[in-house]
Amino acid sequence: MRTLTKEIASKIGQTVTVQGWLHKKRLMGGLTFIVVRDRSGLAQVLVKDKDEVEKLREHQIGTVLSVEGLVVADDRAPGGAEIHDAKLSVEVPVMEQPPVEIDKPLDHDSGTLDTLFEYRPVGLRNPREQAVFKIQAEVIEALRQYFRRNDFTEVHTPKLLAAATEGGAEVFKMDYFGKEATLAQSPQFYKQMMVGVFERVYEMGSVYRAEPSATTRHMTEYVSVDAEFGFVTLSDLMDLLSGMLRAVADDLWEKCPKELTHWKAEKPLLPAKIPAISMAEIHQKYTDATGTSTIGEKDLRPDEERWICEYAKENLDSEAVFVTDWPAAEMKFYHKAQDEHPEFADRIDLIFRGIEIVTGSMRENRYDVVLQQLKDMAGGDPEAPGFKYFLMAMQAGMPPHGGFGMGLERLVQKMIGLKNVKEASLFPRDINRLAP
RNA sequence: GGGCUCGUAGUGAAGUUGGCCUAUCACGCCUCCCUGUCACGGAGGAGAUCGCCGGUUCGAAUCCGGUCGGGCCCGCCA
């Protein structure tokens, strides 16, 4: 019977067998400490028998071990318990030293990220790297719970598409049995269609962007958290997002204290309602504060995004900000303009700790209007397979609805405090990395 | 796509106004010592044709040209 390392503290006085990877060897002469890693964590084994220690000669970290011994309580042991009188059995010997260190923090300086990713299959065994993805898994779990609490249905939409979807971002083209197909850059049209079915839906899945962006916040493949719901206003959407971000943070700091400590992560300051500031006002404040004029610009500069978050943290007790009142000239065809001020789109971005993690908007739900906007704003062909079925759903009756897309890795990056979004991806894909 | 910047043992760095470099340090690895370590400690050792090609020079890690591969910022976006 296998005992997990996390269970040994509750098995004092019992003989147990743990299985895992050799994580650390400390030879002290007459006694040797061995640390074994399994899925639940680490356990210390004390070996005094020279013959037992000899079994590990020249065996590298990563060697697969089975260890049988007596669990003894000792304040000097990590976790208050360790295994004594151990009989070691090497299940899978490893004689090659790992290319990167597993038992000490790996370098995350920007200049060395290439090495970090090149050796990911091994480097991810490092507990501190693992922690990133334990946190990511918990974020997914918290989001799923939050959406379910709010009566959303989870869906999975196709990523192989007949044609480009939203326009704007570049899409990957590929051969599909002699026809041209594209990879989805978002589930936008499908999740809107599903509003007509379930009213409230969400999806968490990979999307693909063929943009030649070489920055700390872009990847060509990332996990998009998408939600869409009907019979709502932009205000409802902002409330949903405010609640969501807080739910994730609360859950994370409750469930993953150890993992967060690895990264010295600080719980974000998030009010019940994240403050909303119009783009024009941000431009004005930024211009006043820095002397660099951005007034009239149609988007926020990256530096403005960083600046407004600092401002909000100091003055509004929030590390996140909604940016409202985007110029309608920058609207996508499926967006809805504001009823009272049609020069603005009914759109928000959510900026968290200096980076845009969410874009959301109300969608144009009137068939005639969205059809016209498609022709006028996107030059789209209503009969093209990329638009035809979307329009079919719109014509079949759509309530006022809206939704958002959020970059999972960006959220994890900012919760932890990583410098590059790629550090929050198991196997990141960017403009010049396709492997591992 | 534009601008800037970097490439030195398995890993991270120093050296880069040419010679003192037979290339330095730390981690890791190997050998030995060490009975309470937990980033253990101590002694010794192996490991690098300084990304690659060409040039300048008596002499190149260092200067020049080319080339390959990274990174950061901007644009665009999540």
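Chain naming here is simple, since letters A, B, ... match the order of the sequence lines and numbering starts at 1 in each. Please read these numbers as outputs of a predicted model, since none were measured by experiment.
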Asks: To the nearest Å, how far apart are A:L27 CG and B:C40 P?
Replies: 12 Å
Asks: Salt bridge check, A:R347 against A:E330: does any charged N sit closer than 4.0 Å to a carboxylate O?
Replies: no
Asks: Expressed in whole Å, how much space separates the P atoms belonging to B:U16 and B:C63?
Replies: 10 Å
Asks: Could you tell me whether the phosphate oxygens of B:A78, OP1 or OP2, come under 4.0 Å of any side-chain nitrogen or oxygen in A:T359?
Replies: yes
Asks: Can you figure out which of B:C30, B:C76, B:C77 approaches the side chain of A:Q60 most closely?
Replies: B:C30
Asks: Over all strands shown, is A:I355 touching base, sugar-phosphate only, or nothing at heavy-atom distances under 4.0 angstrom?
Replies: nothing
Asks: If you measure from the P atom in B:A46 to the same atom in B:G2, how many Å do you get, rounded?
Replies: 49 Å
Asks: For the side chain of A:R306, starting at C-beta, report the closest nucleotide among B:G36, B:C74, B:C72.
Replies: B:C74
Asks: Could you measure between the two P atoms, the one in B:C20 and the one in B:G3, and give it in whole Å?
Replies: 38 Å
Asks: Can you tell me if the side-chain N/O atoms of A:N432 get under 4.0 Å from OP1 or OP2 in B:G70?
Replies: yes
Asks: Test salt bridge (Lys or Arg N to Asp or Glu O under 4.0 Å) on A:K6 and A:D38; report intermediate values, then the result.
Replies: CA-CA 9 Å; A:K6 71 173 178 187; A:D38 68 10; over 6 Å; no
Asks: In whole Å, measure the gap between the P atoms of B:A23 and B:U5 for me.
Replies: 31 Å
Asks: In whole angstrom, what separates A:L418's CG from B:G71's C1'?
Replies: 17 Å
Asks: Side chain of A:M219: nearest nucleotide among B:C72, B:A78, B:C38?
Replies: B:A78
Asks: Send over the distance from A:D299 CG to B:C76 P, rounded to a whole Å.
Replies: 6 Å
Asks: For atom C1', what is the distance between B:U62 and B:C6, given to the nearest Å?
Replies: 15 Å
Asks: Report the base-pairing partner of B:G1 (Watson-Crick or G-U wobble, both distances below 3.5 angstrom), or none.
Replies: B:C74
Asks: Considering every strand shown, what is the Watson-Crick or G-U wobble mate of B:C63 when both distances are under 3.5 Å?
Replies: B:G55
Asks: Scan A:V35 against the nucleic acid and name what it touches under 4.0 Å (heavy atoms): base, sugar-phosphate only, or nothing.
Replies: nothing
Asks: Any base atoms under 4.0 Å from A:Q413, or only sugar-phosphate, or nothing? Heavy atoms, all strands.
Replies: nothing
Asks: With no hydrogens and no angle check, do the side chains of A:D236 and A:T233 hold a donor and an acceptor under 3.5 Å apart?
Replies: yes
Asks: Tell which nucleotide pairs with B:C50, taking only Watson-Crick or G-U wobble pairs whose two distances are both under 3.5 angstrom.
Replies: none
Asks: What integer number of Å spans the C1' atoms of B:G45 and B:A60?
Replies: 30 Å
Asks: With the threshold set at 4.0 Å, does a side-chain nitrogen-carboxylate oxygen contact exist between A:K267 and A:D250?
Replies: yes
Asks: B:G71 and B:G51: how far apart are their C1' atoms, nearest whole angstrom?
Replies: 15 Å
Asks: Find the distance A:I431:CD1 to B:G69:C1' and express it as a whole number of Å.
Replies: 14 Å
Asks: If only side-chain N and O atoms of A:N420 are considered, is one of them under 4.0 Å from the OP1 or OP2 phosphate oxygen of B:G71?
Replies: no
Asks: Between B:G36, B:C74, B:A78, which nucleotide gets closest to the side-chain atoms of A:T215?
Replies: B:C74
Asks: Have A:D349 and A:T359 got a donor and an acceptor in their side chains that come within less than 3.5 Å?
Replies: yes
Asks: Under 5.5 Å between ring centres and under 30° between planes: does that hold for A:Y222 against the base of B:A78?
Replies: yes
Asks: What is the distance, rounded to the nearest whole Å, between atom CG of A:D74 and atom P of B:U35?
Replies: 17 Å
Asks: Does the distance from a Lys or Arg side-chain N to an Asp or Glu carboxylate O, for A:E138 and A:K258, drop under 4.0 Å?
Replies: no
Asks: Hey, is the side chain of A:E82 pairing donor to acceptor with the base of B:G36 inside 3.5 Å?
Replies: yes
Asks: To the nearest 0.5 angstrom, please state how far the CE atom of A:M279 sits from the CD1 atom of A:I282.
Replies: 7.0 Å
Asks: Between A:K25 (NZ) and B:G28 (P), how many Å, whole number?
Replies: 13 Å
Asks: Whom does B:C27 pair with, Watson-Crick or G-U wobble, provided both distances fall under 3.5 Å?
Replies: B:G10
Asks: Any idea which of B:C38, B:G36, B:C72 is nearest the A:H84 side chain?
Replies: B:G36
Asks: Checking base pairs now: Watson-Crick or wobble, both atom distances under 3.5 Å. What partners B:A39?
Replies: none
Asks: A:R57 side chain N/O closer than 4.0 Å to the phosphate oxygens (OP1, OP2) of B:C32?
Replies: yes
Asks: Would you mind telling me which of A:K191, A:M398, A:M394 makes a side chain to side chain contact (heavy atoms under 4.5 Å, CB included) with A:R363?
Replies: A:K191
Asks: I'd like to know if the side chain of A:E211 pairs up with that of A:H218 as donor and acceptor (distance under 3.5 Å, no hydrogens or angles considered).
Replies: no
Asks: Between A:P78 and A:L350, name the one whose nearest nucleotide on RNA chain B is closer to the 5' end.
Replies: A:P78
Asks: Looking at B:G18, which nucleotide sits across from it as a Watson-Crick or G-U wobble partner, both distances under 3.5 angstrom, or is there none?
Replies: none
Asks: Check the side chains of A:R209 and A:Y222 for a donor-acceptor pair under 3.5 angstrom, ignoring hydrogens and angles.
Replies: yes
Asks: Is the distance from OP1 or OP2 of B:C74 to the nearest side-chain N or O of A:R217 less than 4.0 Å?
Replies: yes
Asks: Nearest-Å distance, OH (A:Y208) to P (B:A78)?
Replies: 17 Å
Asks: Rounded to whole Å, how long is the line connecting atom CZ of A:R433 with atom C1' of B:G71?
Replies: 12 Å
Asks: Between A:R410 and A:D430, just flag the one whose closest nucleotide in RNA chain B comes earlier from the 5' side.
Replies: A:D430
Asks: Assign a letter to each nucleotide of nucleotides 5-13 of chain B from its 5' end: B, base within under 4.0 Å of a protein heavy atom; S, sugar-phosphate only; -, no contact.
Replies: -----BSSS
Asks: Looking at every strand, decide which applies to A:E58 at a 4.0 Å heavy-atom threshold: base, sugar-phosphate, or nothing.
Replies: sugar-phosphate
Asks: For A:K24 and B:C40, is the shortest distance between a side-chain N/O and OP1 or OP2 below 4.0 Å?
Replies: yes
Asks: If I pick the P atom on B:A39 and the same atom on B:G28, what distance separates them, to the nearest angstrom?
Replies: 12 Å
Asks: Should the heavy atoms of other residues, nucleotides or ligands under 6.0 Å from NZ of A:K55 be counted, would the total exceed 12?
Replies: yes
Asks: Students often get this wrong, so: under 4.0 angstrom with heavy atoms, is A:L46 touching a base, only sugar-phosphate, or nothing?
Replies: base
Asks: May I ask you to verify if any side-chain N or O of A:R26 is less than 4.0 angstrom from the OP1 or OP2 atom of B:C38?
Replies: no
